Amino acid sequence: MTDVAAGVLALGVALFLGVYLVSVLDRFVSDLVAGHGLTANVFWAGPRRAVLLLLQQPSRTERPDAEAWAFAPALLGALGALGLATIPLAPELPLADNADGIVLFGAAMALVMVAVFLHGWSANSVFPLIGAYRFVALALSYEMPLALVLISAALPAESLSVGEIIRSQTDVWNVIRQPLGLPIYMVTVAGLAFWGPLRLPDAADLSGGTRAEVSGPALAAWEVGRSMVLVAAAAMGAAAFLGGWLGPWLPGVVWMGLKTLVLLVLIVWSGHHLARVRTERFVVVAWVVLIPLALIDVFLSGWLALAAR
Amino acid sequence: MGVTSHRGAGRGAVRDELRRAVGKIAAGSAVPVFPMAGVGGRDAARRIRLSRRLEVVSSPRAANVLLIAGEITPRLLRPAIRIHDQASPPRATLFLIAGGAPEPDVPSKPEAGSNTEVAAVESALRTHAIRDRFFPFAGLVHQESEVEAASRALHRDLVLAERATEPAIQPDRPPLPWRGRGPYGHGGKGMTGGAPYGRPLPERGNDRDGLQLDRLPLRIGPFFPPLVPGLLLDVELHGDVVQAAELGPNPFSGYVGASATCPFMRALASPVRIADLELSRARSHLRWLSDALHALDLSALSIRALALAERLEADNVPLISAELARFSRRLERSRTLTWATRGVGHIRVDQVGDTHGPVARATGVEADARCDDIEYLALGFRPIVHDDGDAWARWRQRIGEARQSLRLVTQAGDRRSGGAGIVEDPRGMIRLQTHTLDSTSQLLPELVTGREWGDAVLAAVSLDLDLERDARLTSVIEEGR
Amino acid sequence: MITAGALLMVVGTTTIALLVLRWVGGAVRRETIPEPQRLPFLGGNPPTTHAWSRYHIRYYAMALLFLAFDMEMVFMYPWAVVFVREGTVALVEMLMFIVILLLGILYAWREGALEWA
Amino acid sequence: MTIGTDHAPLFADVLFWMLAVGSVLAGWRVFRADSMVRAAYWLLASFAGTAGILLLLHARFLGLILLLMMAGEMTIMAAFMVMFMMNPAGLNPMNMVHQHRTAIIAGVGAFLGLAAVGVFGEFPARPLLDASQVTADLGVELLGDSMMVFETAGVALLATMIGSIALAAHRGRFGPADEGSEPPALVPEAETVRPGDSRDEEQS
C-alpha cells in the first residue's frame with residue numbers, strides 16, 4: 001500500500017514538474033529565438049496564464065456536443081497521466097509497470113486520438129472540425145511507427161515491461177544499439193502531443209484548430225493535458241532509448257529526469273524552428289518512409305538481440 | 001440572524017480577498033489580444049506581436065482585449081461587432097485611431113492641412129462615430145505607442161473586476177423554432193430537412209472523386225487571422241478541401257485615398273530618393289515574412305523577422321543586412337519549410353496575366369518597372385527571377401528582393417527615381433496612364449480551388465495581398481481619370 | 001503490477017478533472033451565454049449551415065490500410081517477448097511477415113491510396 | 001492493492017460488476033445516441049468495460065490490445081459513419097432502430113444463449129500461477145512449432161490491404177475506379193444518376 005502511495009505521489013510530482021518545465025522551456029526557447037532578452041518572466045508566464053484562463057468564462061457554440069467537449073481535455077490529461085504511470089521513474093517506483101507495459105502505454109497513446117477528435121468535433125464549428133479530422137489522419141500515420149520502435153526496444157529485454165526494457169540497457173543504451181529507434185520515436189512524439197512541425201490539429205492556418213472555440217478553464221485544461229502527454233512521451237523515450245534511471249553517481253530519479261529533460265528540450269526547440277508540415281505529405285512520408293524504417297529497425301534489432309545472446 | 005449575516009459578510013469578504021489575490025496573479029500575465037485591422041491599421045495590429053506584455057491570440061474566444069486598429073468601414077462593422085460578441089467575458093475593446101488624428105471635440109482646421117490630413121480627420125471622425133454608436137464602453141488611444149499601456153490597464157481592471165465586462169452589442173435572439181414537425185420530432189421533410197437550432201444542414205454536392213457528400217458554404221473573413229485583414233473569401237468546403245472559391249467585395253473600397261506617407265505613392269508624382277523607396281520595399285517584404293512565418297506556427301521566428309523590419313532605418317542598413325543574411329540562410333536551409341511550401345499554390349506562366357511584382361517574377365516573368373529606370377540601371381539593378389512559380393519560389397523571391405533592396409540602399413546615395421507616373425512598389429507595378437489594376441488578388445480563387453485548407457492558406461499567404469493597396473490603386477486611377 | 005488500478009486511476013482522474021473544471025467554470029451557467037456569443041468563429045461572418053455534415057475524409061483508403069495494419073500489432077507484441085527464446089526461426093518468420101506487409105504498403109503507395117482523394 | 005481474484009476477492013467482485021454493468025449500459029447508449037460519433041464512442045466505452053474485465057481475468061495483453069485497437073478502429077468507424085449517414089450528428093432527432101421486432105428477438109435470444117453458456121458452462125478452475133507469463137505463452141503458441149499461424153495471418157492481412165484499396169481508392173494505375181460503374185438509384189425503379197451528371201439531386 002505504501003508503495004502505491006509513493007508511486008502515485010511520485011507520479012503527481014513528476015507530472016506537475018513536467019508540465020511546469022514544458023511551459024518554462026517553451027517560453028525560454030521562444031524568447032531566445034525571437035531575440036528577446038531573457039528575464040525571470042519565463043518562470044511565471046505559464047502559471048499566470050493558467051490563472052488568467054481560470055478567471056475567463058467558458059465558451060459555448062450554438063449547438064455543441066457539450067458533454068464530449070468537456071470530456072475531451074479531461075481525457076487527454078488522464079491519458080498523459082496513465083502513459084507516465086507505465087514508466088518506472090526509478091527502480092523503486094514502479095507504479096503501473098507490468099509485463100505488458102508498452103502495450104498499456106500504446107493503448108493510452110492510441111486513445112489520445114479519441115480525445116483530440118472529440119475536442120474538435122464537439123464545437124460544431126468548421127475549423128475545429130477540420131482540425132479533428134486532420135489529427136485522425138496524423139494519428140493513423142504515426143501510430144504504427146510508434147508501436148514498432150517500442151517493440152524493437154522490447155526485443156533485447158525479452159519483455160514488454162518498461163522496467164525490464166530499462167534493465168536490458170545496463171551495458172549499452174538502446175539509442176546506440178538501435179540507432180533508428182530514437183529519431184523515429186521523436187517524430188511520433190511530435191505527432192502525439194501535436195507539437196512543432198506536427199501541430200496540425202491546433203494549427204495557425206485553422207486559427208487555432210480544435211481550440212478555436214475554446215476559452216477559459218477548458219482551454220487551460222487542454223494545454224495542460226497536451227503538456228502531460230508530451231511529458232509522458234518524453235519520459236518513455238528516455239526509458240526505452242536512453243536507459244531510464246541508469247547512470248553513475250546520481251540517484252536514478254535524477255537520471256530519469258535529466259534524460260526526459262533532454263528530450264523535452266529537443267522537442268520544444270524543434271517547435272520553434274521547424275515549420276508545420278502539410279498533413280497529406282506527412283501521411284505519405286509516414287507510410288512510405290517511417291513505417292518501413294521502423295520495420296527495418298525491428299528486424300535489425302532482432303538480429304542484434306539474437307547475435308548478443 | 002445578525003450573527004449569520006455577519007458570518008456571511010465575513011465569508012464574502014474572504015472570498016473577495018481571495019478573488020483579488022488570484023486576480024493580481026492573473027493581471028501580471030501577458031494580455032491576450034485579438035487584433036482587428038481596419039483602414040490604416042494593419043501595421044499597428046501586426047506590431048503588437050513585438051510586445052512581450054501582449055500576446056496575440058488566434059481566436060477571439062481566448063482574448064481579453066480586442067484591438068480595433070484603424071477605421072472600421074461599413075463592410076467591416078458587422079463582422080467586428082460579431083467578433084466582439086464572440087469573445088468570452090471578461091472582455092474589453094480598445095480603439096486605435098490611426099495617424100494620430102485629433103479628438104472630435106478639439107476644433108480641427110481642415111483648411112490648414114493637405115488633402116491627406118483632411119482625409120485622416122474625416123476617417124477619425126467616422127471611427128469616433130462608430131465607437132460612440134456601437135462600442136460606447138470601449139477604450140480609445142490615438143498613438144500606437146499607447147496601445148500596450150492601455151491594453152494592460154484594461155486587462156488589469158478586467159481581471160481585478162474593477163471594470164465590468166462589455167455586454168454583447170447584438171440582441172440575444174433565440175433560434176427560430178423548428179421542432180416537432182416530423183414523426184420523430186424533427187423539423188422538416190426527411191432526416192436532413194428542417195433547420196435544427198435555427199440553422200439548416202448543409203446540402204450535398206458533387207465531388208472530384210465521384211462521391212456526393214455535404215458541401216459547407218462559408219464566407220471567411222474579414223478578420224480571419226491567417227488571411228490578410230479585410231479579405232472576404234466565399235468558399236465551399238468539401239471535407240477539408242476547397243471545392244469552390246470566390247473573392248468577396250473589398251471592404252476598403254471607397255475608404256482609402258492616396259497616401260502622402262507612402263513613398264511609392266509620392267514617387268508616382270515626383271522623384272523620391274531611391275534609398276527611401278528601397279528601405280520601404282525591404283520593410284514590406286520583411287513584414288510579409290513575419291506574417292508568413294506566423295501562418296506556419298513559427299511565432300518566435302515571426303517576431304524576429306518583424307523586429308528586423310521595424311528596426312530597419314537608413315543608418316543601420318549594414319547591420320540589418322548582415323542579420324537578414326544569417327536569417328535567410330537559416331530559412332533556406334530549413335527542410336521543413338521547403339517541404340511545407342514547395343509545390344503549394346503553383347502558378348503557371350499563362351495565369352500571370354496582369355499580375356506584377358514578386359508573384360510574377362517568382363513565376364519566371366521578368367517584369368519590373370525598375371528595369372526601365374535609368375537611375376536603377378546605373379546602380380546595376382537586375383531583377384531577381386525564380387522559375388518555379390510555387391509558394392516556395394515566392395518565399396525565396398521576397399527574401400532575395402529584401403536583401404537586394406538593402407544592397408541598393410547602400411549604393412544609391414542621393415539618387416532619385418520616379419515622377420513618371422510609374423513605380424514598382426513591393427507588390428507590383430503601378431502605372432497611372434494605362435488604368436490597369438494589379439490582379440494578384442484575382443489569382444487567389446484559382447489557386448485555392450481543389451486544395452486542402454492548409455495548402456489554400458499557405459498559397460494565399462504567399463501572394464502577399466494587401467486589399468488596402470488594391471482600394472488605393474482604384475481610387476488613384478479613378479482620380480487620374 | 002497494478003494495471004487495472006492504473007486504468008481505474010484514469011477513470012478517476014478524468015472524473016476529478018471534469019468535476020474541477022465544472023466547478024471552476026461553474027460561476028457562469030452555460031445556459032446564460034447569450035446567442036451572439038455562441039456564433040461559431042469564421043473571422044466575423046456568420047455560418048450559413050451547421051458545420052456537422054457528411055464530412056469527406058480524403059484519406060479513407062489510408063484508414064482502411066490502417067485497419068489491416070493494426071491487426072499486425074496483435075502478432076508483433078507476443079512475438080517480441082518470445083523472440084530471443086525461439087531464435088533464428090522467429091527471425092526468419094518475422095522477416096517474411098514484414099516483407100509481406102511491406103508489399104501491402106508498396107501496393108497502396110503505387111495506387112496513390114495515401115494521397116488525398 | 002494488487003487486483004486479482006486470489007488477492008482481494010471482494011474488490012475484484014465489485015470491480016467486475018461495475019465494469020459489466022457499465023459495459024452493458026454503454027452498449028445500450030450506442031442505440032440511443034443520435035450522433036454517429038457518440039454512438040461509436042459509446043461502443044468504445046463498452047469495449048473498454050470488456051477490456052477491464054479481461055484485465056481482471058489476468059488476460060492483460062488481450063485487454064490492453066483490445067483498448068489499443070478499438071481506439072483507432074472506433075474513430076475510423078465514426079469517421080466513415082459521419083461520411084455516409086444522413087444527419088450524422090443527429091441534429092434532427094431520429095430513430096436509429098430499424099426492424100424493431102427482429103432486432104429485439106435476435107438481441108434477447110443471443111443474450112440468453114450466451115448467458116446460458118456463462119451460467120451453465122463448465123469452466124476450468126485452475127488458478128493462474130504466474131500472470132506475467134500469459135503474453136509469452138501466447139507468443140509461443142503463435143510462433144511455436146510451425147510458421148502456419150504467422151504466415152497465414154500475414155497473407156490474409158496482405159489480401160485485406162490489397163482488397164480494400166482496390167475497392168476504395170479512387171484513382172489507380174488503371175484510371176478512375178468509378179469509371180463505367182452505375183450507382184444505384186435513390187428510389188427503386190428510378191433512373192440512375194451518375195455523380196457529376198447533375199448538381200441537383202433533390203428527388204429524394
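Letters A, B, ... are given to chains in the order of the sequence lines, protein chains preceding strands, and every chain is numbered from 1. Values reported hereafter were calculated over all heavy atoms of this structure, with side chains retained and with hydrogens, waters and symmetry mates removed. No experiment lies behind these values; they were computed from the predicted model shown.
- Looking at C:Y59, its side chain does come within 3.5 Å of a backbone N or O of A:Y133 through a donor-acceptor pair.
- Atom OG of A:S125 is separated from atom CG of C:L42 by 6.0 Å, given to the nearest 0.5 angstrom.
- Of all the heavy atoms in A:A147 and C:Y77, the pair that sits closest is CB-OH, 3.7 Å.
- Once rounded to the nearest 0.5 Å, the distance linking CE of A:M144 with CG of C:D70 reads 4.0 Å.
- If you measure heavy-atom distances from A:E143 to chain C, the contacts under 4.5 Å come from the side chain alone.
- Counting heavy-atom pairs closer than 4.5 Å to chain A, the top residue among C:Y55, C:W109, C:F41 is C:Y55.
- Heavy atoms of A:I296 lying under 4.5 Å from chain C are absent altogether.
- The distance from the CG atom of C:L39 to the CD atom of A:E213 is 8.5 Å, given to the nearest 0.5 Å.
- Side-chain contact between A:L295 and C:M76 is present, with heavy atoms from C-beta onward closer than 4.5 Å.
- Atom CE of C:M73 is separated from atom CG of A:L146 by 9.0 Å, given to the nearest 0.5 angstrom.
- Put simply, of A:L129, A:L150, A:V126, A:T86, the one with the most heavy-atom pairs under 4.5 Å next to chain C is A:L129.
- For the options C:L95, C:L101, C:L102, C:V82, heavy-atom pairs under 4.5 Å to chain A are most numerous at C:L95.
- Here C:A80 is the residue among C:P47, C:A90, C:A80, C:A108 with the most heavy-atom pairs under 4.5 Å with chain A.
- Between C:F69 and A:W287, the two ring planes are perpendicular [angle over 60°; tilted spans 30° to 60°].
- Neither the backbone nor the side chain of C:L106 comes within contact range of chain A, judged by heavy atoms closer than 4.5 Å.
- Counting heavy atoms from C-beta on, the side chains of A:L306 and C:F83 come closer than 4.5 Å.
- Rounding to the nearest 0.5 Å places CE of C:M94 at 8.5 Å from CG of A:L155.
- The CD atom of A:E62 sits 8.5 Å away from the CZ atom of C:R38 when rounded to the nearest 0.5 Å.
- Panel note: side chain C:E115, backbone A:V284; no donor-acceptor pair is recorded below 3.5 Å.
- A:Q57 has its side chain within reach of C:Q37: a pair of non-hydrogen atoms, C-beta onward, lies under 4.5 Å apart.
- Under the 4.5 Å side-chain criterion, counting only non-hydrogen atoms from C-beta, A:L148 is in contact with C:E72.
- The main-chain N or O of C:L91 is never found under 3.5 Å from a side-chain atom of A:W303 such that the two would form a donor-acceptor pair.
- The closest side-chain heavy-atom distance from A:V283 to C:W116 is below 4.5 Å.
- Residues A:A137 and C:M62 share a closest heavy-atom pair of O-CE, 3.5 Å.
- The residue among A:I130, A:I151, A:V298 with the most heavy atom pairs within less than 4.5 Å of chain C is A:I151.
- For A:S215, no part lies under 4.5 angstrom from a heavy atom of chain C.
- Neither the backbone nor the side chain of A:R281 has a heavy atom closer than 4.5 Å to any heavy atom of chain C.
- A search for side-chain hydrogen bond (donor to acceptor under 3.5 Å, both in side chains) contacts involving C:W79 returns nothing, not counting sequence neighbours.
- Chain A forms more heavy-atom pairs under 4.5 Å with one residue of C:V81, C:V84, C:I105, C:I98 than with any other, namely C:V84.
- Using a 4.5 Å cut-off between heavy atoms, C:W52 touches chain A through backbone and side chain atoms alike.
- With a 4.5 Å cut-off on non-hydrogen atoms, A:P64 touches chain C through its backbone but not through its side chain.
- Residue contact with chain A, scored on non-hydrogen atoms closer than 4.5 Å, involves the backbone and the side chain of C:A63 alike.
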Donor-acceptor list for residues 70-84 of chain A side chains, cut-off 3.5 Å, not counting sequence neighbours:
none

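- A 4.5 Å side-chain heavy-atom check between A:V136 and C:I57 finds every atom pair outside the cut-off.
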